Amino acid sequence: MVILVEIVLGLLIVGLVASYLMRGRREAERAKITERRVGAYMETIRREGGNPELAAMSDGELRDLLLSSAHNLRRQDERRTYLLFGGTIVAFSAALIVATEDGLRGFGIAMLIGAMALYGINEYLARRMREPLVEKGIDLERLRVE
């Protein structure tokens, strides 16, 4: 069992290193797509005029606001992902420790508690991430780049 856990952790580390090395190319592609989406969203704001505060801004101000909002949204999403990944490792480790004392039933209960805690943390961070943008009247889905 311990050897299997070590193999899984080794594969995760190799995957993270490979992902980190490929990051530059993905970032350049994301930046281009974000620029296009911000331009399209600016045209929509000017055409529809839904939010008077955004419509009153100059093109430069609006572009800066939308680009920084998209950048902040992406960074907070990455932070949330890393936090949930670390939390998953902690929950799994705790479940393994409980399993040594209480068996499969304890493992299942510990994993369930860990999953519920991680779900709550995920929801809290997602709402906290959206609040500043919603207050400004910015549509999140127009800035999100998958």
Side-chain angles (χ1 to χ4, degrees), residues 1-99 106-146:
M1 180 76 167
V2 174
I3 293 173
L4 182 63
V5 172
E6 290 174 352
I7 290 171
V8 168
L9 290 176
L11 289 174
L12 285 174
I13 290 172
V14 169
L16 287 173
V17 169
S19 174
Y20 181 76
L21 294 175
M22 300 292 278
R23 188 177 208 173
R25 194 173 95 210
R26 280 193 316 245
E27 286 295 320
E29 291 174 14
R30 256 190 181 166
K32 276 197 270 184
I33 293 171
T34 302
E35 272 290 328
R36 279 196 346 248
R37 293 195 74 154
V38 163
Y41 189 33
M42 285 176 58
E43 290 176 17
T44 302
I45 289 171
R46 298 288 186 230
R47 184 177 58 245
E48 293 177 0
N51 186 342
E53 186 178 320
L54 293 177
M57 291 182 178
S58 69
D59 285 344
E61 288 175 319
L62 187 56
R63 181 174 299 282
D64 288 343
L65 175 70
L66 294 176
L67 282 174
S68 69
S69 297
H71 177 75
N72 291 340
L73 185 66
R74 184 172 56 239
R75 293 297 170 234
Q76 289 175 354
D77 190 44
E78 286 175 0
R79 245 183 259 134
R80 185 182 67 170
T81 301
Y82 290 138
L83 182 67
L84 291 175
F85 180 71
T88 302
I89 291 173
V90 168
F92 185 71
S93 300
L96 284 177
I97 291 170
V98 169
F107 179 80
I109 292 171
M111 285 300 291
L112 181 65
I113 291 170
M116 289 187 326
L118 288 172
Y119 176 77
I121 290 170
N122 183 43
E123 287 299 312
Y124 172 75
L125 291 175
R127 288 180 185 155
R128 195 169 150 223
M129 179 174 69
R130 293 181 195 127
E131 284 174 358
L133 299 177
V134 171
E135 287 175 3
K136 293 177 186 174
I138 297 173
D139 185 11
L140 297 173
E141 294 306 316
R142 292 192 180 255
L143 296 179
R144 191 175 302 261
V145 176
E146 299 294 328

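Only this structure's heavy atoms are used, side chains among them; waters, hydrogens and symmetry mates stay out. Just so it is clear, the model here is predicted, and its values are computed rather than measured.
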Student: To the nearest 0.5 Å, how far apart are CZ in R37 and CG in L67?
Tutor: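 Taking CZ in R37 and CG in L67, the distance rounds to 13.0 Å.
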Student: To the nearest 0.5 Å, tell me how far L133 CG sits from Q76 CD.
Tutor: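 With rounding to 0.5 Å, CG (L133) is 7.5 Å from CD (Q76).
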Student: According to salt bridge (charged side-chain N to carboxylate O under 4.0 Å, His left out), who are the partners of R63, at least two apart in sequence or on a separate chain?
Tutor: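 Counting only residues at least two positions away or on another chain, R63 forms a salt bridge (charged side-chain N to carboxylate O under 4.0 Å, His left out) with E35.
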Student: Give every donor-acceptor pair under 3.5 Å between a side-chain atom in residues 87-98 and any protein atom, sequence neighbours left out.
Tutor:
unit_1	atom_1	unit_2	atom_2	d
T88	OG1	L84	O	2.7
S93	OG	I89	O	2.8

Student: Among residues at least two apart in sequence or on other chains, which ones pass salt bridge (charged side-chain N to carboxylate O under 4.0 Å, His left out) with R80?
Tutor: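 R80 satisfies salt bridge (charged side-chain N to carboxylate O under 4.0 Å, His left out) with D77 once adjacent residues are dropped.
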Student: Just wondering, more than 12 heavy atoms not from L21 lying within 6.0 Å of its CG?
Tutor: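 Yes, CG of L21 has more than 12 neighbouring heavy atoms, counting only those of other groups under 6.0 Å.
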Student: For E48, give me all partners under side chain to side chain contact (heavy atoms under 4.5 Å, CB included), at least two apart in sequence or on another chain.
Tutor: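 Partners of E48 under the side chain to side chain contact (heavy atoms under 4.5 Å, CB included) test: T44.
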Student: K136: what forms a side chain to side chain contact (heavy atoms under 4.5 Å, CB included) with it, not counting sequence neighbours?
Tutor: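 K136 satisfies side chain to side chain contact (heavy atoms under 4.5 Å, CB included) with L65, I138 once adjacent residues are dropped.
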Student: Is there a side chain to side chain contact (heavy atoms under 4.5 Å, CB included) between Y41 and I45 once you walk through the steps?
Tutor: CA-CA 6 Å; Y41 189 33; I45 289 171; 3.9 Å; yes
Student: What pair of heavy atoms forms the shortest contact from E53 to M57, and how long is it?
Tutor: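 The pair with the smallest heavy-atom distance is O-CG, 3.5 Å.
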Student: Under the salt bridge (charged side-chain N to carboxylate O under 4.0 Å, His left out) rule, collect the residues that match up with R75, sequence neighbours excluded.
Tutor: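 Partners of R75 by the salt bridge (charged side-chain N to carboxylate O under 4.0 Å, His left out) criterion, ordered by chain and then number, come out as E27, E78.
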Student: Would you please name every residue forming a side chain to side chain contact (heavy atoms under 4.5 Å, CB included) with L11, sequence neighbours left out?
Tutor: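 Applying side chain to side chain contact (heavy atoms under 4.5 Å, CB included) to L11 gives I7.
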Student: Looking at CZ of R74 and CZ of R79, how far apart are the two atoms once the value is rounded to the nearest 0.5 Å?
Tutor: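 Between atom CZ of R74 and atom CZ of R79 there are 12.0 Å.
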Student: Give, for atom CG of L12 and atom OG of S19, the distance between the pair rounded to the nearest 0.5 Å.
Tutor: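 Rounded to the nearest 0.5 Å, the CG-OG separation comes to 12.0 Å.
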Student: So, taking the atom named CG in N72 and the one named CE in M129, what distance separates them when rounded to the nearest 0.5 Å?
Tutor: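 Here the rounded value is 11.0 Å.
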Student: With sequence neighbours left out, write down each residue that passes side-chain hydrogen bond (donor to acceptor under 3.5 Å, both in side chains) with R128, or none if nothing qualifies.
Tutor: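 R128 satisfies side-chain hydrogen bond (donor to acceptor under 3.5 Å, both in side chains) with no other residue.
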Student: List in chain and number order the residues that pass side-chain hydrogen bond (donor to acceptor under 3.5 Å, both in side chains) with R36, two or more places apart in sequence or in another chain; answer none if no residue qualifies.
Tutor: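 Scan of R36 (side-chain hydrogen bond (donor to acceptor under 3.5 Å, both in side chains), adjacent residues dropped) gives none.
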Student: I want to check something: taking the side chain as every heavy atom from C-beta on, are D59 and R46 in contact at a cut-off of under 4.5 Å?
Tutor: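 Touching, per the 4.5 Å side-chain cut-off.
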Student: Would you find more than 12 non-hydrogen atoms of other residues, nucleotides or ligands less than 6.0 Å from R26 atom CZ?
Tutor: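 Counting other residues, nucleotides and ligands, CZ of R26 exceeds 12 neighbours.
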Student: Give, for atom CD1 of I121 and atom CG of L83, the distance between the pair rounded to the nearest 0.5 Å.
Tutor: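 Spacing of CD1 (I121) from CG (L83) equals 6.0 Å.
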